[in-house]
Amino acid sequence: MTRVENAAGPQVKRLSDYTPPAFMIDTVALDFDLRDGETKVASTLQGRRNPQTTDITDVLELDGQGLRLLSISLNGAAVPEGGYRIEGDKLFLSAVPENFTLEIVTTIEPEKNTALEGLYMSDGMYCTQCEAEGFRRITYFPDRPDVMAVYTTRLEADADRFPVLLSNGNLMQSGMLDEGRHFAVWHDPFPKPSYLFAAVAGDLACVRDSFRTMSGREVELRVYVEHGNEHLTGHTMDSLKRSMKWDEERFGLEYDLDLFMIVAVSHFNMGAMENKGLNIFNSKFVLADPQTATDADYERLEGIVAHEYFHNWTGNRVTCRDWFQLSLKEGLTVFRDQEFTSDTHSRGVKRVADARLLRAVQFPEDAGPTAHPVRPESYLEINNFYTVTIYEKGAEVIRMIHELLGADAFRRGMDLYFERHDGQAVRCEDFVAAMEDASGIDLGQFRLWYSQSGTPELEVDLAHDPDAKTATLKVRQILPPTPGQPAKEPMLIPLSMALLDGEGQALPLQLLGENAEDIPKARVLPVSQSEQVFVFENVDDRPVPSLLRGFSAPVRLRTNRTAEQECFLYRHDDDPFARWDAGQAYLTGALTAAARKGRYDAVLDDDFLQAVGEILSGPDIEPAFAAELLTLPGESVLADAMTPADPEAIHAARNAARREIGLRHAGLFQESYDRLSIAHDPEDMSTAAMGSRALKAVALGYLVAGGDTGAVALAALQAAAATTMTESMSALQALNNVDCPERRDAMKAFHDRWQDTPLVLDKWFTLSATSSLPDTLETVKRLLEHPKFDLATPNRVRAVIGAFSSGNPVRFHAPDGAGYNFLADQVVRLDEMNPQVAARLVAPLTRWKRYDEARQRMMRQCLERIRRYAGLSPDVTELVAKGLG
Ligand code: 0A1
Ligand code: ZN
């Protein structure tokens with residue numbers, strides 16, 4: 001596709017420059033004439049001057065990118081050449097009256113659209129992706145979320161090749177036309193921004209179901225997939241119905257149209273998209289059965305279906321005023337999907353999983369050159385801002401509000417938010433104000449979480465005075481500088497804590513001067529100053545502090561706890577997150593110390609190894625949680641705790657620790673493995689069954705890591721006998737870093753069996769790209785020549801290039817720089833086709849500051865090399881520029 005570049009180059013957009021639109025659009029009538037080689041789009045807009053603005057301009061500003069303009073007429077009269085001008089991606093129309101009807105006809109070429117934004121083709125079907133600024137690739141329009149209109153869409157196409165024609169809302173009319181063509185007209189009564197527009201035309205199978213809402217309305221549910229995939233939609237439909245029910249019960253939110261549709265497409269830049277009434281999904285998050293999808297895939301699919309459905313209220317009914325407010329809908333909707341998962345499965349396990357993600361991906365982002373606040377102040381390319389900071393840190397900010405207000409007041413705040421803003425495009429500030437007004441709680445200082453970037457560090461030291469019988473917590477918050485924010489103001493950090501006695505029992509927490517009634521055993525300390533002291537009375541013996549319980553704030557915690565105390569908490573803490581976190585803190589300390597010293601014998605203390613044994617033999621522990629407790633911090637998280645990060649030393653230390661654990665407890669792991677294998681239905685998808693399989697996978701991994709002679713054979717046997725993808729993948733993962741014929745055979749068998757099932761073949765690509773064996777980069781280069789490798793399919797690109805560069809630190813950071821060079825080559829190659837996906841690959845190169853000088857130099861050289869490439873997209877340009885600092 002030819003890129004229409006603004007002559008002045010990409011422009012920085014700033015929140016402070018926001019001005020309301022001079023004109024509003026009330027209705028949009030779109031007419032798509034879908035034909036091979038050229039699609040004609042006729043658009044009729046009813047508009048009027050925006051009464052909310054004093055702007056008296058008579059110029060209407062429209063966005064348009066890569067469009068061929070055929071005609072433009074205003075109030076029925078063709079606009080003459082001089083009546084408008086096109087500059088870059090803007091069309092300025094002059095002499096626009098107070099009320100107007102504007103008709104625009106353009107043509108586009110969806111067949112050539114490889115950026116997968118706007119209208120494009122995937123496996124012979126037409127589909128759209130309009131968030132954030134894709135609608136401007138379909139027609140000229142004020143493509144900004146504060147312009148909300150009612151859409152009517154007519155689609156016309158060949159009836160044989162495109163029997164299914166879909167758009168937002170309800171079907172109003174359909175029928176046959178001459179020459180084997182047909183049409184359908186859809187109408188969406190809810191005003192919406194252009195980014196929520198969607199259309200689909202294709203030959204698709206439809207699976208139907210229905211849902212009765214809390215007010216007794218029957219909603220028709222449809223999932224559209226390629227023919228032959230109907231049997232893979234059960235979990236999607238089930239997840240959708242449970243999400244609809246949950247939102248009614250938890251938030252009183254009911255679905256508002258009579259029809260809800262999900263369409264699966266194989267070419268998609270992201271996970272899924274919440275278009276009103278017509279969600280479009282990456283097929284990876286729709287299609288699942290136990291033979292082709294793992295338990296983890298099931299859980300992710302369920303979470304994404306829920307997320308997109310929840311957007312109907314948080315995002316669609318109340319939307320964002322501008323893209324700086326993206327977290328208004330994303331942070332809140334992630335919080336909602338997290339809560340749904342917690343209520344559906346295990347709250348503790350979900351909290352641990354979310355904390356893991358935040359630490360592995362968001363903390364590094366917040367510590368690097370692309371750090372930005374939850375509500376950013378400027379950007380070059382909005383597509384680069386669909387980040388873990390906007391989504392996951394944004395969700396943590398909502399979660400802290402939830403904790404500060406309590407569940408009831410939070411719910412009142414939500415109700416007030418919808419009461420005030422239904423049908424509007426608003427700011428993060430409006431959400432916070434609703435929460436304040438509904439609760440009476442001042443969130444003044446708390447607002448800094450929206451504007452200050454970077455991960456706060458919380459230093460918490462405990463001192464005990466046996467004479468005064470006091471325990472004193474000294475808390476210090478450190479706010480490291482981030483790009484554009486050299487100095488920061490102290491934030492309000494909720495620190496949830498308890499003090500445990502020698503038996504692991506929580507002590508009453510009586511703050512100095514507090515009266516002695518109803519003393520709680522766990523509290524949330526409101527840390528609001530740079531340095532603060534909390535004194536607890538009546539503490540006879542030195543307690544062990546349980547800190548940041550439930551991961552009460554997205555901060556880095558540093559304590560003066562000893563390794564012994566961390567192991568104690570790992571054994572005894574009653575808060576699942578704090579227990580897991582104490583183990584992670586111990587392991588991070590032990591493994592980075594080994595990496596620094598370059599000594600890989602006796603990496604772990606006996607104390608810790610004993611605790612592991614207790615977890616394995618303890619009867620009362622939920623298997624899914626045990627699996628989390630037994631999983632070491634990932635290499636990237638460990639690297640984050642070592643300066644300069646040494647990827648090879650980290651890899652060696654982590655492997656050594658795994659070997660020690662595996663060797664020490666080979667018997668217990670074997671027992672667990674056997675116990676979890678018998679009388680177990682591999683297709684039972686209950687939470688408990690999935691948890692048992694997670695623990696079984698951990699056990700197998702440690703058996704292999706321990707080097708037991710039978711373990712490799714056991715894994716190979718499991719791979720060969722597996723009847724489900726979970727069993728198959730856990731065996732392959734256990735073998736993936738072992739150089740042995742069993743691995744080669746199992747991988748080949750897996751490839752041959754699944755080569756025609758793209759979503760499963762992606763797993764084979766990822767396994768191949770993430771093996772820590774020394775020749776993996778060579779393997780990855782060969783994978784690019786594999787007949788099934790395709791740069792135009794984002795899932796495949798992520799499965800190979802993305803998996804290697806973000807999921808294989810020891811090989812990506814090879815000392816000769818070959819990993820970096822490989823990535824730079826691929827970014828440049830992909831950028832011509834799909835800038836959005838190319839830009840997402842750049843991140844690992846921008847983290848150069850964390851490494852030694854030689855690596856720093858090579859990583860920067862690669863960024864420079866990308867930057868020099870002519871015709872680079874704004875997406876990649878922005879990240880490379882920030883990366884070079
Ligand atoms: N709003 C979607 C994510 C999404 C964003 C951008 C896209 O294309 C540029 C596609 C999807 C969500 O939060 O699920
Ligand atoms: Zn979302």
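All ligand and atom numbering here is 1-based and tracks the order in the structure.
- Among all non-hydrogen protein atoms, the one lying nearest atom 11 (C) of ligand 1 is Ala272 O, 3.3 Å.
- Here the shortest heavy-atom distance to atom 7 (C) of ligand 1, taken over Met273, Glu117, Gln129, Lys329, belongs to Gln129.
- Given atom 2 (C) of ligand 1, the protein heavy atom at minimum distance is Glu274 OE1, 3.2 Å.
- Within ligand 1, the atoms closer than 4.0 Å to a non-hydrogen atom of Gln836 are 8 (O), 9 (C), numbered from 1 in the order shown.
- Because its NZ or CZ atom is both nearer than 6.0 Å to the ring centre of Phe251 and within 45° of the ring axis, Arg336 counts as a cation-pi partner of that residue.
- Ring orientation note: the planes of Tyr391 and Tyr386 are tilted relative to one another, at an angle of 30° to 60°.
- Looking at atom 4 (C) of ligand 1, its nearest protein heavy atom turns out to be Met270 CE, 3.7 Å.
- Closest to the Zn ion (ligand 2) among the N, O or S atoms of Glu330 is OE1.
- Between the side chain of Asp831 and the main chain of Ala838, no donor-acceptor pair closer than 3.5 Å is present.
- Taking the N/O/S atoms of His307 in turn, the shortest distance to the Zn ion (ligand 2) belongs to NE2.
- In this structure, Asn383 is part of the shell of residues with a heavy atom less than 4.0 angstrom from ligand 1.
- Scanning all heavy atoms of the two residues, the minimum distance from Leu287 to Val225 falls at CD2-CG1, 3.7 Å.
- Between the side chain of Glu274 and the backbone N or O of Lys276, no donor-acceptor pair lies under 3.5 Å.
- In this structure, the protein non-hydrogen atom closest to atom 12 (C) of ligand 1 is Tyr391 OH, 3.4 Å.
- Residue-ligand proximity, His307 to ligand 1, at heavy-atom distances under 4.0 Å covers atoms 12 (C), 13 (O), 14 (O).
- Here the protein heavy atom with the shortest distance to atom 8 (O) of ligand 1 is Glu131 O, 3.0 Å.
- A cation-pi arrangement, defined by a distance under 6.0 Å to the six-membered ring centre and an angle within 45 degrees of its axis, is present between Arg359 and Phe551.
- With ligand atoms numbered from 1 in the order given, ligand 1 contributes 1 (N), 12 (C), 13 (O) to contacts under 4.0 Å with heavy atoms of Glu330.
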Verdict with reasoning, Phe310 to Phe340, per ring pair (Phe, Tyr, Trp, His ring centres under 6.0 Å): CA-CA 10 Å; Phe310 297 154; Phe340 168 74; 5.8 Å; yes
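- Closest protein heavy atom to atom 14 (O) of ligand 1: Glu308 OE2, 2.5 Å.
- Not a single donor-acceptor pair under 3.5 Å links the side chain of Arg68 to the backbone N or O of Ile108.
- If you check the side chains of Arg399 and Gln338, you find a donor sitting under 3.5 Å from an acceptor.
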